[in-house]
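Data block below; observations after.
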Amino acid sequence: MNGLQNKQKKIGLFLSVLAIFVVSSFCMRYDGKPKTVDFLGIEILNVSLMGVCQSIIYLLAILMVCIDYKIGKTISILILIILDIRSVIIIALTGNYGPLPGVVNGLISIFSILLISTFFAKAEKAKYTDELTGALNKSGFLKEVDRLIDKGKFRYVIFLKLKNFRSISDRLGHDYGDAALKTMTERMKEVVSDDGIVCRIDGTEFAIGVHGYIGAGKLCTRLIDRISECLEFTIDEASVKCYINAFAGVASYPDDASDSKTLLKYADIAMYNVKEKHTSNIGYFNANALNRITKQVETVRLIKDSLENNYFYLVYQPQYTVQDKKLRGFETLIRCKLPNQTIVSPGDFIPVAEQTDLIQKIDEYVLERAMREFKPVLEKTGGKYIISVNVSAKSMSDKDFVDKLALMLEKTGFPPYALEIEITEYSLAESREQTIENVTVLRKLGIHIALDDFGTGYTSLAQLVNLPINVLKIDKSLIDDINSKDSAIELIEAVIYMGHLMDCYIISEGVEKQEQVDILKKHKCDFIQGYVWGKPMDYEEALKLVK
Ligand code: C2E
Ligand code: CA
Ligand code: CA
């Protein structure tokens, strides 16, 4: 497409130049003396013919500027100047001022062409520039990288994604978010200097095209170091410090790809891959990264299809009191059944969904379906069971989540006190303030909040204490060893004790053996969920259990 357009441009320019030369050759015959000339058998005044020729030249010049404002401007101004100089020489030699209006006309034409080409230059700049930061935008970046590749002067693309950025926008508002983006762009430009070009792709994603001799690893490290430096704002005379970090992915020319679009895509894949692995901040494109992404794209398709065609359904795993094995309620767990009857487990699609906004759609789907399925059961049994639903960090840190949930409760008529939401400490990492606010409001509504997978994360206890949860779910990995290791028993004992101090009920998850039940009973764990007393079951089986 681009190639074809370039060819058409070149032909257009060539024809215009040819036409200008033909018309100009008529002008060249004019010697400043008015007389009648024979034009295609008609007698015309040579001065009038000149006027027409000049108008045609002017029109062709504008046409050339429209085709390519840079080349068009140079060629047409050159021709107009030559014609004007010739007329001035004629005036000087003959003392006849007849060609003077033509000279003025030529100067006005030059001025008009300069104006028009300035307008085109501005329009082109706007088309290829990011409005907020003034860096190149994606189209500008691709164009510039292709130009550098054509010149044989290109080396690699770095794809950069800012980390922890949302906390600034959420905490301080969009104006400060914008200011932070501008500062980040300036920092990147300063580090990259003359070795390359900086572009803002979208949101918090940037790309750097490098033609200098600096190594990719060194440049990425410098960029990330500079980005991570403290960002300070003065708000109401108080100084507010923010810290941003970044992930970088690199794709090299010509080893990984030989055109701008593929290089950018591969650098993005390399960045995405490294972001997923949590091991480093800098990644390089390779075939493994590409395979992973291809698989992810397939999974995203599966999730979208499943949401559209209702392939998702819920299974329910019972939770019991440890002391007397009374049914407390169920944890809902999502499954996906494809038309060919294959069942896909959440471990295969939830992590992918979590990378996109699809996880929020899944959360809403599960919440609403669980409420609809269990509302009649609660009515029949007097509402004493608790239905626990897993909610992702993304939803839990979303400021609209509480309103959405309140609307669902109203729509389904589900009693809030029979609903439990399982969150993980990753919600705190997404946006701490918003998560705490959401949890606080939900607790006020009477909804139970359980902290899932306790014992697997890194969040400090001091932070967890601020989260007004009322249930702590001890992760299977802590339960696994309690029947064989004394130290594991001591740890569980301490966790249960601490949970009770935090005014939480304790649920032990993944309990598979009777010995584990006995130990948990001894140490006053409140509830048990595990294969020992019940695997996840479908809706009908869960109903039978309730009855
Ligand atoms: P989770 O929330 O920690 O769920 C517990 C997982 O442990 C479930 O796996 C459950 O089947 C399994 N499990 C329970 N007891 C035992 C046991 O005694 N032994 C063993 N080996 N496993 C046991 P599942 O259903 O495959 O879910 C895996 C994860 O997927 C869940 O971990 C949760 O993080 C996520 N997930 C599942 N359903 C949903 C959902 O509806 N929404 C969201 N956002 N995430 C979900
Ligand atoms: Ca869970
Ligand atoms: Ca869990």
Side-chain angles (χ1 to χ4, degrees), residues 1-6 127-130 133 135-163 165 181 184-185 188 192 195-212 214-217 219-220 223-224 227 246-304 351-358:
M1 179 74 188
N2 247 345
L4 196 70
Q5 274 178 354
N6 274 342
K127 189 175 155 196
Y128 294 127
T129 308
D130 174 54
T133 60
L136 285 171
N137 62 16
K138 189 175 169 185
S139 323
F141 180 77
L142 295 176
K143 193 170 176 249
E144 191 55 18
V145 169
D146 279 333
R147 193 184 67 79
L148 290 166
I149 289 176
D150 284 346
K151 276 176 82 180
K153 271 182 78 178
F154 195 72
R155 297 196 54 222
Y156 54 88
V157 170
I158 302 174
F159 196 102
L160 266 172
K161 178 153 180 81
L162 302 182
K163 198 163 82 170
F165 191 83
L181 281 175
M184 289 304 131
T185 311
M188 285 180 218
V192 173
D195 285 320
I197 48 172
V198 175
C199 145
R200 178 168 169 237
I201 299 284
D202 194 21
T204 55
E205 292 176 345
F206 290 80
I208 320 278
V210 183
H211 52 74
I214 183 164
L219 185 57
C220 288
L223 280 163
I224 293 174
I227 287 169
F247 293 107
V250 181
S252 301
Y253 171 85
D255 295 352
D256 297 330
S258 51
D259 68 281
S260 60
K261 258 192 188 158
T262 320
L263 279 167
L264 184 66
K265 185 173 129 194
Y266 285 179
D268 185 3
I269 288 175
M271 182 283 297
Y272 191 77
N273 211 38
V274 81
K275 187 170 148 236
E276 289 281 275
K277 281 195 198 145
H278 302 287
T279 47
S280 149
N281 274 15
I282 305 167
Y284 296 85
F285 175 78
N286 58 37
N288 286 345
L290 187 61
N291 287 342
R292 252 178 74 113
I293 290 291
T294 313
K295 242 185 126 183
Q296 293 213 350
V297 170
E298 281 167 13
T299 309
V300 165
R301 187 69 271 150
L302 172 111
I303 299 169
K304 284 186 180 161
V352 176
E354 278 170 345
Q355 301 302 321
T356 70
D357 291 343
L358 288 170

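Only a predicted model underlies this, so the values are computations on that prediction, with no experimental measurement involved. Here, residue 1 is the first one in the sequence, and each next residue gets the next number.
Each side chain to side chain donor-acceptor pair (under 3.5 Å) pair with one or both residues in residues 200-210, not counting sequence neighbours, appears once here: D130-R200, K161-T204.
For the atom pair L142 CG and S260 OG, the distance stands at 4.5 Å (nearest 0.5 Å). Between atom NZ of residue K163 and atom CD1 of residue I224 there is a gap of 8.5 Å, rounded to the nearest 0.5 Å. Distance CD1/I149 to CZ/F154: 6.0 Å, rounded to 0.5 Å. I227 contributes atom CD1, which lies 4.0 Å from atom CE of M188 (distance to the nearest 0.5 angstrom). F206 contributes atom CZ, which lies 10.5 Å from atom CZ of F159 (distance to the nearest 0.5 angstrom). Separating the NZ atom in K143 from the CG atom in L136 is a distance of 10.0 Å, to the nearest 0.5 Å.
Residues Y128 and N137 form a side-chain contact, since some pair of their non-hydrogen atoms from C-beta on lies under 4.5 Å apart. When side chains are defined from C-beta on, D256 does not count as touching Y284, because their heavy atoms never get closer than 4.5 Å. Taking the side chain as every heavy atom from C-beta outward, V145 and I197 approach each other to under 4.5 Å. Residues L162 and L181 are in side-chain contact: their nearest non-hydrogen atoms beyond the backbone lie under 4.5 Å apart. Taking 4.5 Å as the limit, some side-chain heavy atom of L290 sits within range of a side-chain heavy atom of F285.
Taking both residues in full, the closest heavy atoms of V274 and A248 are given as CG1-O, 3.9 Å, listed atom of the first, atom of the second, then distance. Annotation for A246 and L160: closest pair CB-CD2, 3.9 Å, computed over non-hydrogen atoms.
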Verdict with reasoning, L219 to Y156, per side-chain contact (heavy atoms from CB on, under 4.5 Å): CA-CA 11 Å; L219 185 57; Y156 54 88; 3.8 Å; yes

Trace of the side-chain contact (heavy atoms from CB on, under 4.5 Å) decision for V300 with V352: CA-CA 7 Å; V300 165; V352 176; 3.8 Å; yes

Acceptor/donor pairs from residues 262-272 side chains to any protein atom, 3.5 angstrom cut, sequence neighbours excluded:
{"unit_1": "T262", "atom_1": "OG1", "unit_2": "D259", "atom_2": "OD1", "d": "2.6"}
{"unit_1": "T262", "atom_1": "OG1", "unit_2": "D259", "atom_2": "OD2", "d": "3.0"}
{"unit_1": "Y272", "atom_1": "OH", "unit_2": "Q296", "atom_2": "OE1", "d": "3.0"}

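Looking at E144 and R147, a side-chain N of the basic residue comes within less than 4.0 Å of a carboxylate O on the acidic one, giving a salt bridge.
R155 places no side-chain N or O within 3.5 Å of a backbone atom of G215 that could act as its donor or acceptor partner.
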